[in-house]
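Everything on this sheet refers to the single structure shown next.
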Amino acid sequence: MKAQFISDPLTESIPTPSLSSLPSDGELLDAYSQAVVSTVRQAGPAVLHIQARSGKRGGGGTGSGFLISPDGFLMTNSHVVHGADALRAQTPDGREVRAEMIGDDPDTDLAILRIDLPELHHLRFAGSERITVGQIAVAIGNPLGLDNTVTAGIVSALGRTFPARTGRLIDNVLQTDAALNPGNSGGPLLNTRGEVIGVNTAIIPAAQGISFAIGSKTAEFIASWLIKEGRIRRGYIGVAGQDIAIHERVARFHNLRQRSGILVHTIQPDSAASESGVEVNDILIWLDHEELRSIHELHRLLVLRESNLKSRLTILRKNQIVHLWITPREQLH
């Protein structure tokens, strides 16, 4: 039997496209996919697998980390490496090396390690002004021991707060819907420029699409002090809050140069803040003569200034300026 090709009279005269006219793989990717692929290519080589061993029976765990300098400094979560007797790091190209603990700050759940290897690729931190709700967020890490795993989503919210293992509240945390699992801890959350916008830290096990990362500004600040001194000398006043804009009319009425402050939403019992008279919904604007335009500014001042020294805290309470006396207390780990 002789076979016969069946064609539609309307299409049989249309020439078959040549291979050269077919779209390339790059053209087949939509803009979202191209952004994620580009981010992974830029940042992937700097993301490491961290192994922490502790105890005589070889207990411990694993997590992720990322290089922040060409000379081997890397950042991870404190809960990944805290109390470990031995630390190892593995690069994406398979090189494994001992990692040295440089500094650990359980209050922000961040730690700095260092490795000694040549030809290291490192990441840069994004400025906090570049982070907006709805932007693409790419997470790279080693969940459940599966190396170099990539997930992507968006930044769902800014200014979240959650407790560190020490009980201290970590402020200005990013919320994302990029999927995270055990082992992602300490890995970077990235923008499409390949810059670090956060350090992946926690999930809500009972929820879907809710993950948290410590913001880049906090991470960069803590990294600089851990590298310099190996620990954080921190004054503590006992509040948790978020950055908030000050209404233009209120700022002009009080001749304020700043247009933002810190809205207090939690006060720790028996803390310096509770004893000084700080109340929920107060807006912190000055510590002595230093402006408190953001939570980062407060953290910076509490690290740099001498603890247990009485200071004047200026607040906006129901649009009125109130001055309080407060004595930050030192906390060391």
Side-chain angles (χ1 to χ4, degrees), residues 42-43 45-50 52 63-84 87 89 91 97-117 120-131 137 139-141 162 164-166 168-174 184-191 193-202 212-236 294-305 331-333:
Q42 293 178 73
V47 182
L48 309 181
H49 188 176
I50 308 298
S64 306
F66 58 96
L67 290 154
I68 60 173
S69 74
D71 52 349
F73 287 106
L74 68 95
M75 175 159 270
T76 186
N77 280 144
S78 170
H79 75 258
V80 172
V81 298
H82 187 74
L87 297 166
T91 63
V97 66
R98 184 182 71 86
E100 175 190 3
M101 173 71 81
I102 300 298
D104 179 20
D105 183 38
D107 277 345
T108 56
D109 198 17
L110 295 170
I112 295 293
L113 313 181
R114 191 174 189 182
I115 60 174
D116 185 12
L117 284 176
L120 294 173
H121 181 77
H122 70 285
L123 303 179
R124 299 184 184 280
F125 290 100
S128 59
E129 69 280 358
R130 294 185 178 181
I131 305 172
I140 307 178
F162 70 83
R165 293 192 172 190
T166 61
R168 180 183 182 272
L169 292 174
I170 305 174
D171 299 298
N172 269 359
V173 172
L174 280 64
N184 270 118
S185 291
L189 188 69
L190 304 148
N191 62 20
R193 299 183 186 90
E195 300 168 326
V196 177
I197 61 174
V199 182
N200 296 318
T201 298
F212 299 100
I214 297 165
S216 60
K217 198 166 188 178
T218 298
E220 186 174 21
F221 178 70
I222 294 298
S224 66
W225 278 93
L226 290 180
I227 291 171
K228 180 180 178 181
E229 295 195 0
R231 64 173 183 169
I232 303 295
R233 293 184 177 92
R234 177 184 285 111
Y236 178 74
S294 67
I295 289 173
H296 173 74
E297 292 295 328
L298 177 60
H299 288 171
R300 181 182 65 83
L301 291 174
L302 291 176
V303 169
L304 295 177
R305 72 175 39 234
Q331 282 198 336
L332 294 176
H333 295 284

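Numbers here simply count residues along the sequence, with the first being 1. The model shown is predicted, which means the values in this text are computed figures rather than measured ones.
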Any non-hydrogen side-chain atom of [X] less than 4.5 Å from a side-chain atom of [Y]?
X	Y	result
Ile232	Asp107	no
Ile50	Leu74	yes
Leu48	Ile115	yes
Asp71	Arg114	yes

Approximate separation, where rounding is to 0.5 Å, of [X] [atom1] and [Y] [atom2]:
X	Y	atom1	atom2	value
His49	Thr76	NE2	OG1	10.0 Å
Ser224	Arg300	OG	CZ	11.0 Å
Phe66	His121	CZ	NE2	12.0 Å
Asn77	Asp104	CG	CG	10.5 Å
Leu123	Glu195	CG	CD	10.0 Å
Leu174	Ile214	CG	CD1	10.5 Å

Chi angles and distances behind the side chain to side chain contact (heavy atoms under 4.5 Å, CB included) call for Ile170, Thr218: CA-CA 10 Å; Ile170 305 174; Thr218 298; 5.6 Å; no

Ignoring hydrogens, what is the shortest heavy-atom contact between [X] and [Y]? Give both atom names and the distance.
X	Y	answer
Ala223	Ile68	CB-CD1, 4.0 Å
Gly141	Asn184	CA-ND2, 3.7 Å
Pro188	Val47	CG-CG2, 3.7 Å
Leu87	Ala52	CD2-CB, 3.7 Å

His82 atom NE2, neighbour heavy-atom count above 12 within 6.0 Å: no

Mark yes or no for whether [X], through its side chain, and [Y], through its backbone, hold a donor-acceptor pair below 3.5 Å.
X	Y	value
Ser216	Ala126	yes
His79	Ala164	no
Asp109	Ser78	yes

Aromatic plane relationship, Phe212 with Phe162 - under 30° parallel, 30 to 60° tilted, over 60° perpendicular: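 Answer is tilted, since the angle falls between 30° and 60°.
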
Trace of the side chain to side chain contact (heavy atoms under 4.5 Å, CB included) decision for Ile222 with Arg234: CA-CA 11 Å; Ile222 294 298; Arg234 177 184 285 111; 3.6 Å; yes

Criterion side chain to side chain contact (heavy atoms under 4.5 Å, CB included) on Ser64 and Asn200, from CA distance to verdict: CA-CA 9 Å; Ser64 306; Asn200 296 318; over 6 Å; no

Worked verdict on Leu190 versus Val196 for side chain to side chain contact (heavy atoms under 4.5 Å, CB included): CA-CA 5 Å; Leu190 304 148; Val196 177; 4.0 Å; yes

Aromatic contact, His296 with Phe221 (centres under 6.0 Å): yes

Partner of Leu113 by side-chain contact (heavy atoms from CB on, under 4.5 Å), out of Ile102, Leu67, Val81, Leu226: Val81

Set of residues satisfying side chain to side chain contact (heavy atoms under 4.5 Å, CB included) with respect to Ala219, sequence neighbours excluded: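 Side chain to side chain contact (heavy atoms under 4.5 Å, CB included) list for Ala219, sorted by chain: Met75, Leu110, Phe125, Val199.
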
